[in-house]
Colleague: 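Before anything else, here's the structure in question.
For clarity, every value in this text was computed on a predicted model and none was experimentally measured.
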Amino acid sequence: MAKLNFEADLNDQQIRAVKTIEGPVLIIAGAGSGKTRVITYRIAHMLETGIPQSAILALTFTNKAAREMEVRVKELTGKKLQNLTVSTFHAFGVRILREEIERLGYRKNFSIYDETDRTSAIKESLRECRLSTEGVDLYALGQLFSNIKIGRFTWGDGANDAYEPVYKEYQHSLKTYNALDFDDLLTLPMELFEQHPEALTQYRSRYRYIMVDEFQDTSFTQYRLMRLLADRVQGERSNVCVVGDDDQSIYSWRGASYENIVNFEKDFPGVTEIKLEQNYRSTSTILEAANGVISNNTNRKEKNLWSGNKGGKPVELFHPRNESEEADFIAATIKKIMIQDKLKYDDFGVLLRTNSMTRSIEESFLAENIPYRVSGGTSFFGRKEVKDVLSYLRLIANTSDDVNLLRIINTPRRGIGKNSIAALMEIAKKNHSTLWDAMEKLRYTPDTLFQEAAKGRGEIDEFMVLIETYREEMLGKRGLSAKTRALVDSIDYWSYLVTEYSKNDKMAKWKFLNIESLIQSMETWEKDPDNFDPTLYAYLNRISLITRDDGDDEAGKGKVNLMTIHASKGLEFPVVFIAGAEEGIIPHERSMEDADTVGPGEGDLHAGALEEERRLFYVAITRARDKLFITSCLRRRRLQNTVECAPSPFLAEIPPHLIEYHEPDKAVENPEEAENYFAMIKSKFG
């Protein structure tokens with residue numbers, strides 16, 4: 001490969017971070033400081049020094065980030081990277097379990113449940129425990145089970161202990177159906193390493209150089225998994241490098257802990273700390289505003305971002321009368337700047353604290369014919385017709401998967417009545433077996449023993465033959481997309497859609513086109529020259545992991561990005577609007593609640609909740625490259641009422657000389673007037 005030219009491409013601190021490859025290393029990478037470039041150059045440098053690909057493990061949080069990292073390393077080295085492991089934590093867990101899960105009593109062809117499948121399994125577990133599902137917040141219960149599994153909560157210390165038998169039944173059903181949920185992808189590898197030290201030794205000797213991206217977003221579980229792999233016997237140094245920014249730690253509600261940075265320094269003595277403080281993204285005005293806000297947090301690593309891009313336009317603050325005027329201002333300003341600065345729609349990011357705030361902005365965008373996309377809507381893989389086809393594939397891959405069997409046993413309708421299904425479930429329960437095993441028993445047992453289920457015997461047998469035929473066709477073989485298309489034809493899904501949408505043929509066609517899009521994407525995946533395992537199992541694992549954290553990248557091109565601040569992390573836009581900068585929204589009113597009053601699913605709010613909200617605002621500010629607008633309404637409609645709003649206290653933390661304050665159609669440019677305005681806010685919030 002061509003020799004890397006560090007001096008031309010990197011600053012001094014970046015070069016130091018790239019070349020320090022032995023021993024524990026902590027890289028504090030401020031927003032926009034070229035973190036991804038440093039990581040990819042570091043991997044390329046390791047390869048250049050003769051470290052084999054197979055000895056390097058790079059872990060990150062999204063499939064998109066992992067792909068980007070791998071592509072950049074390929075471009076730098078000109079090498080095929082067949083033995084380099086660049087992966088999300090969950091995908092790495094899948095890799096370990098595919099190799100080792102039989103040691104834990106599972107079969108290798110396990111299924112991975114998504115949120116819908118998990119909710120169905122929890123519902124079934126409630127029924128098994130003779131508890132009603134009515135009035136139960138299944139999402140919150142799922143969050144509780146997740147927190148129990150990863151060790152954030154324990155039974156015996158709260159009002160939720162009544163659900164302990166349901167949790168045990170849920171765990172039992174997962175094992176019975178040879179299925180895993182997303183938490184298992186991290187907890188089971190740790191269970192494996194703790195119960196089978198020889199497996200841990202094997203992985204430790206394989207991965208001698210470990211890197212973790214976005215380290216501030218790691219949960220305690222992910223940290224423990226990393227530490228298990230990185231620890232070395234006495235006398236050996238751990239070659240582990242973690243890269244992150246505690247000022248961008250905004251995911252405590254899903255278990256992330258910026259305190260892992262402190263844990264890392266304690267658990268890996270002799271850490272080399274390197275700070276990346278030069279920002280390549282934003283103007284110095286935007287960075288000074290961000291620094292002014294985040295400096296008010298006490299629990300943080302001291303750093304001061306600076307930019308070679310001196311000056312820049314002031315931060316513009318507007319106080320609209322209500323959310324409708326706020327939305328109209330954003331829409332009109334986007335159109336105006338597009339004309340003035342010759343920008344494209346996807347150069348704009350509109351950031352909100354919660355997705356529930358999008359409605360008025362969407363209405364203004366529609367009225368002004370501004371194309372946009374909202375993050376967090378129903379994903380392609382979450383659409384019913386796509387999930388139906390994937391459920392067939394999941395059942396073909398794993399006939400023990402009751403959740404997906406129940407989803408499609410009568411989709412399209414094939415005459416298997418509810419009574420027959422209920423009878424099959426009774427047989428399965430009596431024999432402690434899966435539904436597929438119950439259907440097998442029905443096949444070869446006299447009708448008199450299973451009279452109710454036997455009424456649908458012919459249809460059940462046809463269904464089993466269909467699945468068995470495609471199991472034989474698909475498992476371990478190529479041509480998955482063509483066989484999936486044949487499966488869709490075999491079940492005559494088109495006729496099913498026509499019947500379901502008899503009064504809306506456009507909807508039927510649109511849904512069938514979604515299935516065709518699924519098959520086409522499958523075909524593209526199969527033909528990818530870097531895909532060395534185009535099998536059904538590999539495809540289903542990929543889909544489960546993709547739907548976890550990635551949206552449709554192509555869908556947003558040429559559209560304004562309307563998203564939550566959380567969803568914007570890692571992105572940047574020439575122009576950013578932060579809407580709803582009001583007390584009770586930023587910071588969110590829930591951050592002020594006592595942690596003891598919070599139930600499952602609402603997040604583990606703690607004493608540092610206000611600091612996390614400030615970090616969230618800091619993340620929002622640092623998404624902007626050239627221009628930042630902030631809106632704070634005087635009034636906002638909440639439910640059926642219109643309420644008076646106060647500005648966010650974080651606005652008073654932006655140095656006043658950076659602000660241009662607007663009345664409608666009028667800018668306040670007098671610095672003294674701006675100073676008086678911010679003095680008023682400061683006095684209000686003390």
Colleague: Could you list the residues that satisfy side-chain contact (heavy atoms from CB on, under 4.5 Å) with S219, not counting sequence neighbours?
Modeller: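 Checked S219 against side-chain contact (heavy atoms from CB on, under 4.5 Å); matches are T221, Q222.
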Colleague: Could you work out, with side-chain contact (heavy atoms from CB on, under 4.5 Å) as the rule, every residue matching A482, not counting sequence neighbours?
Modeller: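 So A482 forms no side-chain contact (heavy atoms from CB on, under 4.5 Å) with any residue.
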Colleague: Between Y167 and Y163 (judged by ring centroids, cut-off 6.0 Å), do the two rings come close enough to count as a pair?
Modeller: no
Colleague: Quick one: side chains of residues 187-194, donor-acceptor pairs under 3.5 Å with protein atoms, not counting sequence neighbours, listed by atom name and distance.
Modeller:
{"residue": "T187", "atom": "OG1", "partner": "D183", "partner atom": "O", "Å": "3.1"}
{"residue": "E194", "atom": "OE2", "partner": "R224", "partner atom": "NH2", "Å": "2.7"}

Colleague: Tell me, please, which residues at least two apart from W525 pass side-chain contact (heavy atoms from CB on, under 4.5 Å).
Modeller: L480, N531, P534, A538, Y539, R542
Colleague: If I take atom CD1 from residue I51 and atom NE2 from residue H45, how far apart are they, to the nearest 0.5 angstrom?
Modeller: 7.5 Å
Colleague: May I ask you to check whether N263 and Y223 show a side-chain donor-acceptor distance below 3.5 Å?
Modeller: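 No, no side-chain donor-acceptor pair sits under 3.5 Å.
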Colleague: Distance-only check: which donor-acceptor pairs under 3.5 Å involve side-chain atoms of residues 16-31, not counting sequence neighbours?
Modeller:
{"residue": "T20", "atom": "OG1", "partner": "R16", "partner atom": "O", "Å": "2.6"}
{"residue": "E22", "atom": "OE2", "partner": "Y209", "partner atom": "OH", "Å": "2.9"}

Colleague: Search all heavy atoms of E265 against all heavy atoms of V271 and return the closest pair with its distance.
Modeller: CA-CG2, 4.1 Å
Colleague: Taking the ring centre of each residue, are F92 and Y207 less than 6.0 Å apart?
Modeller: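 Ring centroids of F92 and Y207 are less than 6.0 Å from each other.
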Colleague: Say whether D402 and T434, considering side chains only, have a donor N or O and an acceptor N or O under 3.5 Å apart.
Modeller: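 No.
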Colleague: Test of understanding: with side-chain contact (heavy atoms from CB on, under 4.5 Å), list the residues that count as partners of A290, not counting sequence neighbours.
Modeller: Y618, I621, T622
